[in-house]
Each structure stands twice: as C-alpha cells, then as structure tokens.
Amino acid sequence: MLNHIAQNYHKALSDIQSVCATHARPALEVTLLAVSKTHPVAAVIEAYAAGARHFGENYVQEGIEKVGALEALIPDHTAIWHFIGPLQSNKTRLVAQYFDWVHSIDRIKIAQRLSEQRPHSLRPINLCIQVNISAQSTKSGCTPEEAIQLAQQMIELPNITLRGLMAIPAPMPSTTLTHSESPASAPFRAMAQLFTDIQSQLPETAAKQFDTLSMGMSDDYPLAIAAGSTLVRIGTAIFGARAYPN
Ligand SMILES: *Cc1c(COP(=O)(O)O)cnc(C)c1O
C-alpha cells in the first residue's frame, strides 16, 4: 500500500514504548487505538495484519459497514471496535449492536439507551465519559463537574461498564507539543487528576473497572502518555491524511 500502514503502525507502537520508558511507565499500560475513520476496509485489514486489534470509527453507518466487512473477510477475527464520534440518540441501537466501546458519552440519556439496547447475547458495552476539558463552546463533552455526577448515574445501569474518561483538548501550536511542561500538557494533567478524583469516589467494584483514560492523538500523544493516558487514538500517523475531513 502506498501509505505504509504496517510500517506506520509499528512506528507508533515503538514511539509509545519509548515515551513510556521515558516516563517510567510499563508500555503495556497504553493501548493503541487505530482510528480508521474515512479509510477503506483494505486499510483496516492491513493494520489488522500488522497486529492492530483496536479500531476507532466516528460515523455510525461507515463504522458498521467496516465491522461487517471485517467479519465477512476474517470470521474468527479478534478486532475490538470503538465508537469515538458524537452519538445521537436515534443511532444508539446500531452502536449497541455493533461496537464494543463508546468513548463519547456526555449525557445519561445516551448511556441509558445503550444499556437498554445492548443485545443480551453480548457482554456489557464499555463506555467512557467525554469531558470538554478545554471548555470549547463548539465541542461535545460534559464539564468536569457533570462527569462526576454522570459516573455515579452510569454505574447503576445494567448492560454497560463504565471504563473511564475521554478528552479531545483544544489544538495547540506544534511548538508547544514537545515539552511536558508546555501549556499543551495542562489539559492532559487536568484530565488525569479528574480521573483519579472520580475513581476515588466510586464504589470498589466500579472503581476497579474504571481503568481507561482515553486521550492523545497523532499530534500530541507523547504529552498525553506523559500525563497518564492509558489509550491513545491515532489516525493520521497510521493511515495517512484523511480523504475527507471530520
Ligand atoms: C479523528 C479522531 C482521532 C484521530 O486523530 P488523528 O489526529 O488523525 O490521529 C482521535 N480521536 C477522535 C475522537 C477523532 O475524531
């Protein structure tokens, strides 16, 4: 393939390992989510062959087409599908059927619908609360205060597992992205603090399952890992530039 997906995937993995080593973190603590949105099934297959198992999609229809296509091509595959885009209530049923994770929960109604609509033949769906940590008016995500309340409500739902938090901090100039003391690192550190705060307020069983801090993308994942991210969502650095925008 022209864009060297396998090579890029291995490069991302080794970069994650070296950032982890720098910060005295075991590399196994950080999951690499390959964000395949807008890229064809062939790209997913190539990443899968290179060892990728976690895939991220933003659009429901496009995502379920790829879930089905992978299933058809590799019936015994072990891929795990993450829905990471904004989710409207009229699309929850499809997501509850086809995805293993949703990272973008910012209101209880969506979590309730996913819990009700999760097929009983499947394990509970894994959910993360999206926090608008940079307080951007145009972005989805709840406030840190709302996240604590939402977590308390979500742990009462039967067919979901509350796994943690997700954030997409406001973009920063690339010059600020190399130093862990830079302003770009502040939202990641705030998220890590919020994660610990919420975890400490949950009952023991729920606190144990609350193990995921989903933050860091192609441009800023070293900073996110330095601050404590356990899952980085990487699209461009693996699959190349997207043919159409977000
Ligand atoms: C598109 C997207 C990514 C991947 O972004 P890259 O900059 O291409 O790595 C990660 N997270 C979310 C929520 C996205 O929508």
Side-chain angles (χ1 to χ4, degrees), residues 1 3-16 19 30-40 43-44 46-47 50 52-64 66 79-88 91 95 99-107 110 126-136 138-142 147 163-174 176-178 184-185 187-188 191 195 212-227 229-246:
M1 267 226 179
N3 46 11
H4 308 295
I5 291 169
Q7 230 170 300
N8 293 343
Y9 176 75
H10 289 297
K11 167 88 165 55
L13 271 188
S14 72
D15 287 351
I16 290 168
V19 178
V30 180
T31 298
L32 172 52
L33 171 60
V35 178
S36 45
K37 68 175 180 214
T38 81
H39 296 285
V44 171
E46 189 169 349
R53 288 298 176 269
H54 293 269
F55 293 94
E57 290 286 332
N58 281 53
Y59 312 101
V60 177
Q61 202 53 43
E62 179 189 327
I64 65 179
K66 279 181 231 178
I80 296 168
W81 290 94
H82 298 244
F83 190 80
I84 62 175
L87 180 54
Q88 309 301 325
K91 298 280 177 64
V95 169
F99 284 83
D100 305 295
W101 287 69
V102 179
H103 291 229
S104 48
I105 303 298
D106 59 4
R107 52 196 195 279
I110 301 294
N126 297 295
L127 305 184
C128 290
I129 297 171
Q130 184 176 355
V131 181
N132 184 359
I133 196 66
S134 308
Q136 292 170 283
T138 55
K139 283 281 172 184
S140 19
C142 61
R163 295 298 298 269
L165 303 178
M166 184 272 242
I168 312 172
M172 290 272 176
S174 57
T176 65
L177 291 173
T178 42
S185 152
F188 293 130
M191 283 299 296
F195 179 85
T212 302
L213 184 49
S214 165
M215 58 184 193
M217 318 204 315
S218 293
D219 285 341
D220 57 12
Y221 69 91
L223 282 185
I225 292 172
S229 169
T230 72
L231 186 152
V232 291
R233 307 178 309 266
I234 300 187
T236 310
I238 295 175
F239 295 104
R242 285 182 282 277
Y244 52 98
N246 298 337

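Remember, it's 1-based here, ligands and their atoms both numbered in the order they're listed.
Using a 30° and 60° split on the angle between ring planes, Trp81 and Phe99 fall in the perpendicular class, above 60°.
No part of Asp219 comes within 4.0 Å of ligand 1, judged by heavy-atom distances. At a heavy-atom distance under 4.0 Å, only side-chain atoms of Asn58, from C-beta outward, approach ligand 1. Contact annotation for His103 and ligand 1: no heavy atom of the residue comes within less than 4.0 Å of the ligand.
Annotation: salt bridge (Lys or Arg N to Asp or Glu O under 4.0 Å) contacts of Lys66 (sequence neighbours excluded): Glu57, Glu62. In terms of the salt bridge (Lys or Arg N to Asp or Glu O under 4.0 Å) criterion, residue partners of Asp15 (sequence neighbours excluded) are, by chain and number, Lys11.
Interface of Ile234 with ligand 1, defined as ligand atoms under 4.0 Å from a residue heavy atom, comprises 9 (O). The atoms of ligand 1 that sit less than 4.0 Å from any heavy atom of Arg233 are 4 (C), 9 (O), 10 (C), 11 (N), 12 (C), 13 (C). For ligand 1, the atoms lying closer than 4.0 Å to a non-hydrogen atom of Ile168 are 13 (C).
Counted by atom type alone, His54 and Thr31 present zero donor-acceptor pairs between their side chains at under 3.5 Å.
The N/O atoms of Gly235, backbone and side chain alike, include one that comes under 3.5 Å of an N/O atom in ligand 1.
Between Thr236, Thr38, Ile84, it is Ile84 that holds the heavy atom closest to atom 12 (C) of ligand 1.
The closest side-chain heavy-atom distance from Ile238 to Leu32 is below 4.5 Å. Counting only heavy atoms from C-beta outward, the side chains of Ile84 and His103 approach each other to under 4.5 Å.
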